[in-house]
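Got a structure here, written out as structure tokens. Questions coming.
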Amino acid sequence: MSKISFKAAASLAITLIFALSLGVLSACEKEGEKQQTANTKSSLDVIKERGVLRVAVFADKYPFGYKDSLGQVQGYDVYFAKRLAKELLGDENKIQYEFVDPAGRIPILESDRVDITLANFTITEERKQKVDFALPYLKTAIGIVSPQSALVKSIADLKGKKLLVSKGTTSEDFFRKNHPEVELLAFDQITEGYQALKDGRGAGFAQDNTEVLAWARKNAGFQVGIGDIGTVDGIGAAVKKGNTDLLNFINKTIEKLAAERFFHADFEATLRDAYGADANPEDLVVEGGKI
Amino acid sequence: MYEGIDGIRVIFEGINFQRLMVGLLVTLKIAAVSVAVSIPVGVLFGILMTSRKKWVRLLCYFYLDAIRIIPILVLLFVFYFEITRVFKIQWSGEFVAIIVFSMWGIAEMGDLTRGAIRSLPKHQIESALALGLSENAIHRHIIIPQITRRLIPPSINLITRMIKTTPLVALISVIEILKVGQQIIEYNLYRNSTASFWIYGFIFIVYFLLCYPIAEVSRRLEKRWG
């Protein structure tokens with residue numbers, strides 16, 4: 001064996017690793033500078049040059065963004081994303097999907113990993129500080145789904161009980177701000193929230209009314225006791241703050257699509273199956289960005 | 001709508017099984033690469049922690065405590081979103097996952113190694129020094145052979161912990177087996193009321209098959225060397 005001691009070898013190895021990572025970092029930084037100069041071009045041209053629209057969608061939120069048994073991305077949001085790709089790039093399949101969780105929707109835009117977040121994104125004042133929202137294409141209020149045997153009909157019914165919510169959603173915000181007396185149990189994943197409700201770990205699960213209505217319809221023994229908490233909110237696509245070119249493009253497309261009642265067609269194609277024959281598209285669909 | 005035992009078909013519907021296996025590969029890749037980096041580098045790090053130089057020890061403890069105090073989820077977010085925002089580097093989610101899990105593994109493995117070295121009776125090293133053995137020889141013939149045995153049970157524990165922590169990477173858009181499972185469950189919410197039971201049950205068995213053999217190997221090694 002060599003005369004170098006283990007400790008010396010260890011320090012050498014670790015110094016090397018640090019040096020290497022520093023090298024990688026600085027190399028990447030230079031690349032970043034190049035990217036920045038490219039950013040002075042119109043964001044639409046950047047997408048056209050790339051030839052693919054990068055969109056953040058949900059992969060576990062039926063019927064808005066989900067994967068079917070064949071692994072295909074489907075849903076109301078996805079239907080719209082495909083149309084945007086068709087309008088911009090001439091092919092609805094020129095999309096690169098990134099699958100997000102609710103809490104990742106803003107940072108994924110800020111870190112330039114996608115061009116558009118189209119993931120059932122409710123438009124709020126707070127979020128407007130961080131991203132730019134396009135015109136709404138869907139509307140919603142908060143609903144609470146609970147077991148029929150102990151139906152939650154008003155917020156007062158929640159006194160001394162636990163309410164289940166999803167982290168980073170409008171429902172969580174609303175209850176934290178306006179009803180601090182209600183004890184919240186927050187989950188990272190929507191799936192976990194429903195599982196907790198089934199397991200009886202909370203009196204009810206608060207989510208967008210669209211979401212809970214559909215779920216209650218298919219889960220015997222559960223019902224939406226209140227479906228109009230908070231104000232009626234718009235749901236819209238979001239882009240990185242300051243990406244005006246792309247924002248204007250989305251808004252113009254939405255206005256143009258009103259003539260062909262595109263979002264009604266979207267509703268029939270993707271939501272009808274979930275909400276049933278009785279559902280009234282006017283309760284949810286927004287055409288031309290007018291709530 | 002499927003119910004009861006019939007619900008098990010959710011695992012094999014369409015390409016669901018294939019999707020779960022692809023997710024498993026992602027889990028395995030992240031865990032295997034991180035473990036492969038963590039064990040050797042962690043042992044070196046542990047030896048450094050016993051250095052006689054104070055500033056070396058201080059640096060090591062600073063790193064160890066930093067990694068221990070910061071939740072892994074925060075590290076994942078910092079490396080995935082913040083570094084990209086500040087430096088404009090776009091590392092893939094999988095790469096970030098491997099970096100963060102390796103950082104964590106190195107810190108933990110280092111601390112285990114430090115503990116193992118400290119647990120050796122001091123007189124062994126002092127006697128060796130008195131006999132005129134070099135530091136190199138002491139490490140090779142006295143310290144390393146003994147700590148290897150002592151390190152096996154805790155490092156197996158660390159490996160299985162790393163495997164079981166991989167689902168966190170779903171939050172930086174890496175789709176591993178548990179996330180695939182959740183996608184399948186969500187799609188079947190209204191189609192198959194028992195989907196979550198079968199999918200979670202299946203994933204439970206997969207994790208068991210993954211972690212049990214590792215534990216079994218460690219048990220045998222312990223018996224043989226014990």
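Residue numbers begin at 1 in each chain, while the letters A, B, ... track the order of the sequences. Computed from a predicted structure; not experimentally measured.
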Interface residue of largest heavy-atom contact number with chain A, from B:N188, B:I143, B:I184, B:L171, under 4.5 Å: B:L171
Just wondering, more than 12 heavy atoms not from B:Y61 lying within 6.0 Å of its OH? yes
Aromatic rings B:Y187 and A:Y62: how do their planes relate, parallel, tilted or perpendicular, breaks at 30° and 60°? perpendicular
Taking the side chain as every heavy atom from C-beta outward, state whether B:E186 and A:K67 have any pair of such atoms under 4.5 Å apart. no
Using non-hydrogen atoms and a 4.5 Å limit, figure out which bit of A:Y66 sits close to chain B: side chain, backbone, both or neither. side chain
Is it the backbone or the side chain of A:D68 that comes under 4.5 Å from a heavy atom of chain B, or both, or neither? both
One option among B:V56, B:I172, B:V86, B:T84 has the most heavy-atom pairs under 4.5 Å with chain A, and it is B:T84
Between A:D60 and B:Q182, what is the shortest heavy-atom contact and its length? CB-O, 4.2 Å
With chain A as the partner chain, list the residues of residues 173-181 of chain B whose heavy atoms fall under 4.5 Å from it, by residue number, and write 'none' if nothing qualifies. B:S173, B:I175, B:K179
Does B:K29 have more than 12 heavy atoms from other residues, nucleotides or ligands lying within 6.0 Å of its NZ? no
When you measure from the side chain of A:R113 to the backbone of B:F81, do you find a donor-acceptor pair of N or O atoms at a distance under 3.5 Å? no
Residue selection (most heavy-atom pairs with chain B, distance under 4.5 Å) from A:E98, A:Q189, A:Q74: A:Q189
Using every non-hydrogen atom in the two residues, find where A:D112 and B:Q90 come nearest and quote the distance to one decimal. O-NE2, 2.9 Å
Okay, A:Y194 and chain B: the region with an atom under 4.5 Å from a heavy atom over there is side chain
Between B:R85 and A:S111, the two heavy atoms sitting closest are N-CB, 4.4 Å
Grab the two heavy atoms, one from A:S69 and one from B:E13, that are nearest each other, plus how far apart they are. OG-OE1, 3.2 Å
Do you know which two heavy atoms are closest between A:T191 and B:Y200, and how far apart they sit? CG2-OH, 4.4 Å
So which residue, A:G75, A:A56, A:A59, A:P63, ends up with the most heavy-atom pairs under 4.5 Å with chain B? A:A59
